[in-house]
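In what follows, a single structure is set out as structure tokens and then discussed.
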Amino acid sequence: MAEQGKAAGIMSSTVPQERFPEVVAWLYPLIGPDDRENMTRIWQMVMPPPVFEQIKQLIQSAIGNDWAELIRRIPTLA
């Protein structure tokens with residue numbers, strides 16, 4: 001988990017902020033439920049809450065109906 005957090009932090013910091021919505025829209029439909037859960041939990045830990053709230057909305061838009069499964073796995077997203 002520590003290595004995943006470090007990797008997510010590096011990735012998040014190297015993507016220009018204005019392009020981050022594109023990264024989320026591209027990445028989340030390509031990864032499965034386990035990876036979505038892990039990535040979301042990592043971002044939730046490393047991002048300030050106001051920033052994560054914006055990311056959460058991007059994730060929801062990117063995965064559509066699969067949002068319910070992510071909420072089931074991470075109830076604090078609701």
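Just so we're clear, the structure is a prediction, and the values are computed from it rather than from any experiment. Below, each value reflects all heavy atoms present in this structure, side chains not excepted, and no hydrogens, waters or symmetry copies.
With rounding to the nearest 0.5 Å, the separation of CG in Leu30 from CD1 in Ile63 is 12.5 Å. From Met39, atom CE reaches atom CG of Asp34 across 13.0 Å, with rounding to the nearest 0.5 Å. For the atom pair CG of Leu77 and CD1 of Ile59, the computed distance is 7.5 Å after rounding to the nearest 0.5 Å. Atom CZ of Phe52 sits about 6.0 Å away from atom OG1 of Thr40, to the nearest 0.5 Å. Between Leu27 atom CG and Leu58 atom CG the span is 12.0 Å, to the nearest 0.5 Å. Atom CG of Leu70 is separated from atom NZ of Lys56 by 10.5 Å, given to the nearest 0.5 angstrom.
The side-chain hydrogen bond (donor to acceptor under 3.5 Å, both in side chains) check on Glu37 picks up Arg41, Arg73, with sequence neighbours excluded. In this structure Gln60 satisfies the side chain to side chain contact (heavy atoms under 4.5 Å, CB included) test together with Trp67, sequence neighbours excluded.
Taking the six-membered ring for Trp and the full ring otherwise, Trp26 and Phe20 have centroids separated by 6.0 Å or more.
Nearest heavy-atom pair, Ala62 versus Ala25, reported as atom, atom and distance to 0.1 Å: CB-CA, 4.0 Å.
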Task: Chi angles and distances behind the side-chain contact (heavy atoms from CB on, under 4.5 Å) call for Ile55, Gln44 - done: CA-CA 9 Å; Ile55 299 304; Gln44 192 173 27; over 6 Å; no
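Contact annotation: the side chain of Val24 approaches that of Trp43 to within less than 4.5 Å [non-hydrogen atoms, C-beta and beyond]. Counting heavy atoms from C-beta on, the side chains of Asp66 and Arg36 come closer than 4.5 Å.
Around atom CD of Glu18, more than 12 heavy atoms belonging to other residues, nucleotides or ligands sit under 6.0 Å away.
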